[in-house]
Asks: 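Shown below is the structure under consideration.
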Amino acid sequence: MLQINFIRENPEEVINRLKTKNFEASVLVDQIIGIDEKRRLSQTKLDDSLAEANKIAKSFGQLFKEGKREEAELLKVRTAELKIISKELSDELDASVLEMNRLLVQLPNLPHHSVPAGRSAADNENIFSEGRIPELGDFAVPHWDLIKKYNIIDFDLGNKVTGAGFPFYRGKGARLQRALINFFLDEGINAGYTEYQPPLVVNEASAYGTGQLPDKEAQMYAVPLDGFYLIPTAEVPITNIYRDVILKEDEFPIKNVAYSNCFRREAGAWGADVRGLNRLHQFDKVEIVQIRKPEDSYQALEEMRDYVTSLLRKLELPFRILRLCGGDMSFTSALTYDFEVFSGAQKRWLEVSSVSNFESFQANRMKLRYKDKTGKAIIAHTLNGSALALPRIVAALLENNQTENGINIPKALVPYTGFEVID
RNA sequence: GGAGAGUUGGCAGAGUGGUCUAUUGCGGCGGUCUUGAAAACCGUUGACCUGCAAGGGUCCGGGGGUUCGAAUCCCUCACUCUCCGCCA
């Protein structure tokens, strides 16, 4: 959520910059500024009313001591009046705050100046490519055939036990999963990240803190009896560690890495190109999260981009990096790099990571701040990225490394899998 | 799941209806002293809203209530601890 002070002082800039995200903000901005004025007026009037009541309450003891009983009784009447007035003003204030927040959460984050304009994924800017597009033999088949051939991932079993999109991993398939998780976590630790194991369900306040609520409620599985949500990504619990926190300057930089299962309802997102591992309701992901001072956050974003690049190199997968255009960026992001690997048998690029700087957008909503040297509380910047999401990595590894006799495991992974070939 | 006890500032911990503008200690920061440091001593030390400022207001786990007045009394929810039960 954008800061109200910034909107109040720079309404034109907000409106103009959101045009890059194809978001017409002028009506919303006007409404927000209007309700903000109303809110501040209510606050001032309420303060006056409370101040008078406090003053009267304090003079009471004195009046009784001096035996001025009648005068005290008179003040009681005034206090009763003030109480009613305060209640009205307080309700008015609450309503304004509620309405202001309802409007504020509808306003997307401002895109960074480098974000290209554009409508859809077709307008994303390809800023880097590496690796050779594999030329597979005639024997090559997509991963959904390979997993059956080698009996390593079983969708039918998942259908039986749970439902579509919840596969079982079996034998070397399960070990490959475990190997990737450990590999990604170890790499993260070596890069200076602290490993966390987060809860897989979170409360409503956390879902709100990272922006899943109120807008993306349909994306999450819910546990209504307990008021919990299954996490769609480790970003939610890991970033919410810092909800309502005021950090000290020497705690920076904060760099966390966490493996978690991720649960996504993906309502209405199913189609022809989401076969096999391309889209699941439950999948595994290792996530990196950084909390930085505003002046360091873009350097941190580049650092995260380089880090994800290093992972894909070690896995020997052909990949490209896209700078997302305004139209394809998420609501909360200021700048996002997507990583796509080429999956040889499907002959298509698969998104395996999304690295974003949210600037102060999440932190403002979560009240995540730090104190600078002068003791002033400043809103921190949050960043996160996948490093990496497993299913599509697995899909590309299986497809690109297939031979007639089996699937070769990249060298960097062999110490983790304990085998070199799936056959 | 049952019974009981708790939740106060960065931490510890007092306060059980009215100068609480929350005692005190530790820690932090600044200073004096010192070649330097420690010790000692002195000072300072939260967040939020509003306001150009002066100032005003709110916050003692969350929410609600009683009262002229609530950290203090009542209701409710969450969490923590102890004991019992169950259990990987």
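Naming convention: chains lettered A, B, ... in sequence-line order (proteins, then strands); numbering from 1 in each chain.
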Asks: For B:C86, give the paired nucleotide (Watson-Crick: N1-N3 plus N6-O4 or O6-N4; G-U: N1-O2 and O6-N3; both under 3.5 Å), or none.
Replies: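 Result: none.
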Asks: Answer yes or no: is there a side-chain heavy-atom contact under 4.5 Å between A:I379 and A:Q3?
Replies: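 The answer is yes, as the side chains (C-beta and beyond) meet within the 4.5 Å cut-off.
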Asks: Quote, to the nearest angstrom, the P distance that separates B:G62 from B:A70.
Replies: 16 Å
Asks: Can you measure A:D226 atom CG to B:C79 atom C1' for me and round it to whole angstrom units?
Replies: 15 Å
Asks: Any chance you could list the contact pattern along nucleotides 59-65 of chain B? Use B for base contacts, S for sugar-phosphate-only contacts and - for none, protein heavy atoms under 4.0 Å, 5' to 3'.
Replies: -------
Asks: For A:K367, answer base if it contacts any base atom (sugar-phosphate contacts may also be present), sugar-phosphate if it contacts only those atoms, and nothing otherwise; contact means non-hydrogen atoms under 4.0 Å.
Replies: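 No contact.
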Asks: Nearest whole Å is fine: how far is B:C48 P from A:L93 CG?
Replies: 17 Å
Asks: Check the phosphate of B:G46 against A:K371, side-chain N and O only, distance under 4.0 Å to OP1 or OP2. Yes or no?
Replies: no
Asks: For nucleotides B:G10 and B:A78, find the distance between their P atoms and express it as a whole number of Å.
Replies: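 Between the two P atoms, the distance is 26 Å.
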Asks: Any donor-acceptor pair under 3.5 Å linking the side-chain atoms of A:N109 with those of A:E359?
Replies: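 There is no such pair (donor and acceptor under 3.5 Å, judged by atom type) between the side chains of A:E359 and A:N109.
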Asks: How many Å lie between CD1 on A:I246 and P on B:C11, as a whole number?
Replies: 12 Å
Asks: Do the side-chain N or O atoms of A:R369 get closer than 4.0 angstrom to the phosphate oxygens (OP1, OP2) of B:C48?
Replies: yes
Asks: Would you say B:G51 has OP1 or OP2 under 4.0 Å from some side-chain N or O of A:R40?
Replies: yes
Asks: Using every non-hydrogen atom in the two residues, find where A:A395 and A:H143 come nearest and quote the distance to one decimal.
Replies: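 Heavy atoms only, the tightest pair is CB-ND1, 3.5 Å.
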Asks: Kindly state which residues belonging to residues 43-55 of chain A come within less than 4.0 angstrom of RNA chain B, counting heavy atoms of the residue only, listed by number.
Replies: A:Q43, A:T44, A:D47, A:L50, A:A51, A:N54
Asks: Evaluate the side-chain proximity of A:P167 to A:D154: yes if any heavy-atom separation is below 4.5 Å, no if none is.
Replies: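 No, side chains not in contact.
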Asks: Just wondering, more than 12 heavy atoms not from A:R119 lying within 6.0 Å of its CZ?
Replies: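 At most 12 heavy atoms, drawn from other residues, nucleotides or ligands, come within 6.0 Å of this atom.
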Asks: Suppose you measure atom P in B:G4 against the same atom in B:A88; what distance do you get, rounded to whole Å?
Replies: 29 Å
Asks: Can you measure A:E204 atom CD to B:A78 atom P for me and round it to whole angstrom units?
Replies: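 Going from CD in A:E204 over to P in B:A78 covers 14 Å.
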Asks: Angle class for the A:H281/A:Y221 ring planes (parallel below 30°, perpendicular above 60°, tilted otherwise)?
Replies: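 If you compare the ring of A:H281 with that of A:Y221, the planes turn out perpendicular.
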Asks: Write down the distance between CG (A:L82) and C1' (B:G57), rounded to a whole number of angstrom.
Replies: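 Going from A:L82 (CG) to B:G57 (C1'), I get 14 Å.
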Asks: Do A:T210 and A:Q362 have a side chain donor and acceptor closer than 3.5 Å?
Replies: no
Asks: Indicate, with a heavy-atom threshold strictly under 4.0 Å, whether A:R39 touches base, sugar-phosphate, or nothing.
Replies: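 Answer is sugar-phosphate: A:R39 comes under 4.0 Å of backbone atoms only.
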